[in-house]
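What you are looking at is a predicted structure, and each value in this text was computed from that prediction instead of being measured. Because only heavy atoms are used, hydrogens play no part in the values below, and waters and symmetry mates are left out as well, while side chains stay in.
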Amino acid sequence: MTRRAATTRGTVAGLPFVRQGRGTPTILLPGVGPGRHHPSAWDRALLRLETAPLARAVELWTLGRRHGLPEGTTMSDLSDDVARAAAEISGGPIDVVGTSTGGSIALQLAVDHPELVRRLVLVSSAHRLGDDGRDAQRHTAERLRAGDARGASAALLGQTTTGVPASIALRGLGRLVPHVVVGERHDDLVVTLDAEDSFDVEGRLGAVAAPTLVVAGGADGFYPLELVVRTVAGLPDATLAVHRRSGHLGLGSWGVSREVLAHLARAS
């Protein structure tokens, strides 16, 4: 029986990482979350569940964001952090998978540093936030600044789908588990939300050199499908996979990891 490679964690170029699996080094940039500088045991358990199929096939480096982000940090600043980490992880171009806000950072990386990205995967992401998604994230940041973690968690979780009954239920869940959704320390999370508020690279999509897979949910409340279609149309080499009945997807959603692995196996 093949033994699973040990999970290791630490810091690379100032970014916290969790490394799982063996094989081709691959960077995973997750969406916004509790914002802990180093993931807790609970965070790591959830990560293992979500990324198990990928970690069986590649050496997966899940990168967090730098601690103590200054006000005014931009998505380019966040992608520059990833570029420095990528240079230490791999001696050449590397595969990059980004989900949600992590997808925004991944896309910014591919625009600003196209030579560093070999293959690109964007899950539940686009060249900018949708209008409703932007409003939800602004409200989340406002609630966090006001010290209302429950309200922030409800706003963030409730926007993951456009379905009204499901959205109401998720808002209620968000109020029950703010420690899971937004954590206890919010400064870096607020700065990241502010950075994505002004993120829009539609006019620069032609700079992306990497073959790109974009996976979208048809009922995503943050990135509406028509916006994702525009992103795909602007990329030189892109494939779109749509889960029509799904909201805001993650790697653990049914079929997504299989689609991602198929793209990562694609010949350059």
Side-chain angles (χ1 to χ4, degrees), residues 29-36 39-40 42-43 45-47 49-50 64-65 75 98-105 107 122-200 214-229 231 242-256:
L29 303 176
V32 294
R36 289 180 271 270
S40 67
W42 171 255
D43 297 331
L46 291 178
L47 179 66
L49 285 173
E50 183 175 23
R65 286 175 274 281
M75 297 303 274
T99 64
S100 191
T101 299
S104 298
I105 299 171
L107 185 53
L122 308 175
V123 178
S124 290
S125 195
H127 65 268
R128 69 168 177 86
L129 278 164
D131 293 340
D132 291 342
R134 184 172 284 165
D135 287 346
Q137 289 200 178
R138 285 175 179 171
H139 184 63
T140 299
E142 289 169 0
R143 291 293 84 216
L144 290 175
R145 287 189 175 98
D148 180 11
R150 291 184 184 276
S153 176
L156 199 62
L157 206 57
Q159 193 60 37
T160 56
T161 180
T162 58
V164 174
S167 179
I168 292 172
L170 287 168
R171 286 177 187 276
L173 178 61
R175 289 189 174 277
L176 290 174
V177 291
H179 57 290
V180 174
V181 180
V182 296
E184 294 81 27
R185 298 179 60 177
H186 304 135
D187 290 350
D188 289 340
L189 175 54
V190 168
V191 170
T192 302
L193 293 172
D194 287 347
E196 193 173 23
D197 186 69
S198 58
F199 168 75
D200 188 344
V214 183
V215 185
D220 190 333
F222 286 103
Y223 305 93
L225 188 56
E226 59 269 21
L227 196 66
V228 177
V229 170
T231 303
V242 179
H243 296 240
R244 292 279 174 186
R245 297 184 179 181
S246 298
H248 198 62
L249 294 163
L251 291 174
S253 304
W254 187 88
V256 173

Check [X] against [Y] and note the closest heavy-atom contact, atom names and distance.
| X | Y | answer |
| --- | --- | --- |
| Gly221 | Gln159 | O-NE2, 2.7 Å |
| Ser104 | Ala126 | OG-O, 4.4 Å |
| His243 | Gly255 | CE1-C, 4.4 Å |
| Val182 | His186 | O-CD2, 3.2 Å |
| Gly103 | Ser125 | C-OG, 3.3 Å |
| Pro178 | Ala149 | CB-O, 3.8 Å |

Spacing of [atom1] belonging to [X] relative to [atom2] belonging to [Y], to within rounding of 0.5 Å:
| X | Y | atom1 | atom2 | result |
| --- | --- | --- | --- | --- |
| Thr192 | Asp187 | OG1 | CG | 10.5 Å |
| Trp254 | Leu249 | CH2 | CG | 12.0 Å |
| Leu129 | Asp135 | CG | CG | 10.0 Å |
| Arg143 | Leu156 | CZ | CG | 14.0 Å |
| Leu144 | His139 | CG | NE2 | 10.0 Å |
| Leu189 | Gln137 | CG | CD | 9.0 Å |

Test item: [X] and [Y] side chains (from C-beta on) under 4.5 Å apart, heavy atoms:
| X | Y | value |
| --- | --- | --- |
| Arg138 | Asp197 | yes |
| Arg65 | Val32 | yes |
| Glu196 | Ile105 | no |

Side-chain donor or acceptor of [X] paired with backbone N/O of [Y] under 3.5 Å:
| X | Y | result |
| --- | --- | --- |
| Thr140 | Ala136 | yes |
| Thr231 | His127 | yes |
| Ser153 | Arg150 | no |
| Ser246 | Gly217 | no |

Notebook entry, point to check: Would you call Arg134-Asp200 a salt bridge at under 4.0 Å N-O?
Noted result: no

Note to self: My understanding is that only one of Val256, Val228, Thr99, Val242 makes a side-chain contact (heavy atoms from CB on, under 4.5 Å) with Val215; could you say which?
What the structure shows: Val256

Checklist line | Candidate list Thr160, Asp132, Thr161, Leu227, test side-chain contact (heavy atoms from CB on, under 4.5 Å), partner Phe222, passing option | finding: Thr160

Next item on the list: Kindly indicate, with the supporting measurements, whether the criterion side chain to side chain contact (heavy atoms under 4.5 Å, CB included) is fulfilled by Leu225 and Arg244.
Entry: CA-CA 9 Å; Leu225 188 56; Arg244 292 279 174 186; 3.2 Å; yes

